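Okay, structure first, notes after.
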Amino acid sequence: MKPRTEIRNHLKRHRLLAGEMTQQDLADRAGVTRQTILSIEKGRYNPTIGLALRLAVIFGIPVEEIFMLDEGENDG
């Protein structure tokens with residue numbers, strides 16, 4: 001079976017740990033819409049590499065602390 005690969009993220013956790021940062025605050029700093037941040041936090045959208053790196057720079061942490069691969073086996 002071919003493994004399926006999903007991207008998990010801890011964006012919301014890091015945003016909340018940053019204090020009073022709202023989705024709109026983060027979106028403004030990253031140059032995207034609030035809906036983009038919401039979609040990433042909900043796991044409905046995987047950001048481009050460029051956006052993932054910008055988010056990591058905003059928080060001052062490695063990108064791997066926000067985004068990680070979740071590999072498992074497909075069910076069929």
Side-chain angles (χ1 to χ4, degrees):
M1 260 188 236
K2 184 178 179 183
R4 70 175 165 74
T5 302
E6 294 182 15
I7 296 176
R8 292 185 300 123
N9 76 77
H10 295 294
L11 183 60
K12 183 175 183 178
R13 180 175 68 162
H14 287 288
R15 180 175 59 79
L16 295 175
L17 286 172
E20 299 291 319
M21 185 180 289
T22 65
Q23 289 175 340
Q24 188 64 57
D25 294 334
L26 181 55
D28 290 344
R29 291 185 65 186
V32 297
T33 66
R34 184 193 63 79
Q35 290 82 3
T36 297
I37 299 300
L38 173 66
S39 293
I40 294 170
E41 287 184 356
K42 298 260 186 202
R44 291 183 282 200
Y45 172 72
N46 291 324
T48 63
I49 293 171
L51 178 53
L53 292 170
R54 276 198 311 274
L55 293 168
V57 167
I58 288 168
F59 293 113
I61 58 176
V63 72
E64 299 88 8
E65 288 189 29
I66 303 173
F67 301 98
M68 66 279 321
L69 290 177
D70 184 13
E71 297 185 272
E73 287 189 19
N74 279 338
D75 291 335

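Just so you know, these numbers come straight off a predicted model, no measurement behind them.
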For residues 19-27, which side-chain donor-acceptor pairs fall under 3.5 Å, sequence neighbours excluded?
from: Thr22; atom 1: OG1; to: Gln24; atom 2: N; distance (Å): 3.3
from: Thr22; atom 1: OG1; to: Asp25; atom 2: N; distance (Å): 2.9
from: Thr22; atom 1: OG1; to: Asp25; atom 2: OD1; distance (Å): 3.4
from: Thr22; atom 1: OG1; to: Asp25; atom 2: OD2; distance (Å): 3.1
from: Gln23; atom 1: OE1; to: Arg34; atom 2: NH1; distance (Å): 3.2
from: Gln23; atom 1: NE2; to: Glu41; atom 2: OE1; distance (Å): 2.9
from: Gln24; atom 1: NE2; to: Asp28; atom 2: OD1; distance (Å): 2.8
from: Asp25; atom 1: OD2; to: Thr22; atom 2: N; distance (Å): 3.0

Identify each donor-acceptor pair in which a side-chain atom of residues 53-60 lies under 3.5 Å from a protein atom, sequence neighbours left out, and give them as a table.
from: Arg54; atom 1: NE; to: Ala30; atom 2: O; distance (Å): 3.0
from: Arg54; atom 1: NH2; to: Ala30; atom 2: O; distance (Å): 3.4

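Follow the hydrophobic side-chain contacts under 4.5 Å out from Met68 and you never reach Leu11; the two are in separate clusters. Leu17 and Ile66 are not part of a single hydrophobic cluster, where members link through side-chain heavy atoms under 4.5 Å apart.
The hydrophobic cluster containing Leu16, built from Ile/Leu/Val/Met/Phe/Trp/Tyr side-chain heavy atoms closer than 4.5 Å, comprises no other residue.
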*Go through the steps for Ile7 and Asp70 under the test side chain to side chain contact (heavy atoms under 4.5 Å, CB included), then give the verdict.*
CA-CA 6 Å; Ile7 296 176; Asp70 184 13; over 6 Å; no

*Would you please test Leu51 and Ile40 for side chain to side chain contact (heavy atoms under 4.5 Å, CB included) and show each step?*
CA-CA 11 Å; Leu51 178 53; Ile40 294 170; 3.9 Å; yes

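Note that CD of Gln35 is 10.5 Å distant from CZ of Arg44, once rounded to the nearest 0.5 Å.
Under the side-chain hydrogen bond (donor to acceptor under 3.5 Å, both in side chains) criterion, Thr33 pairs with Thr36, sequence neighbours left out.
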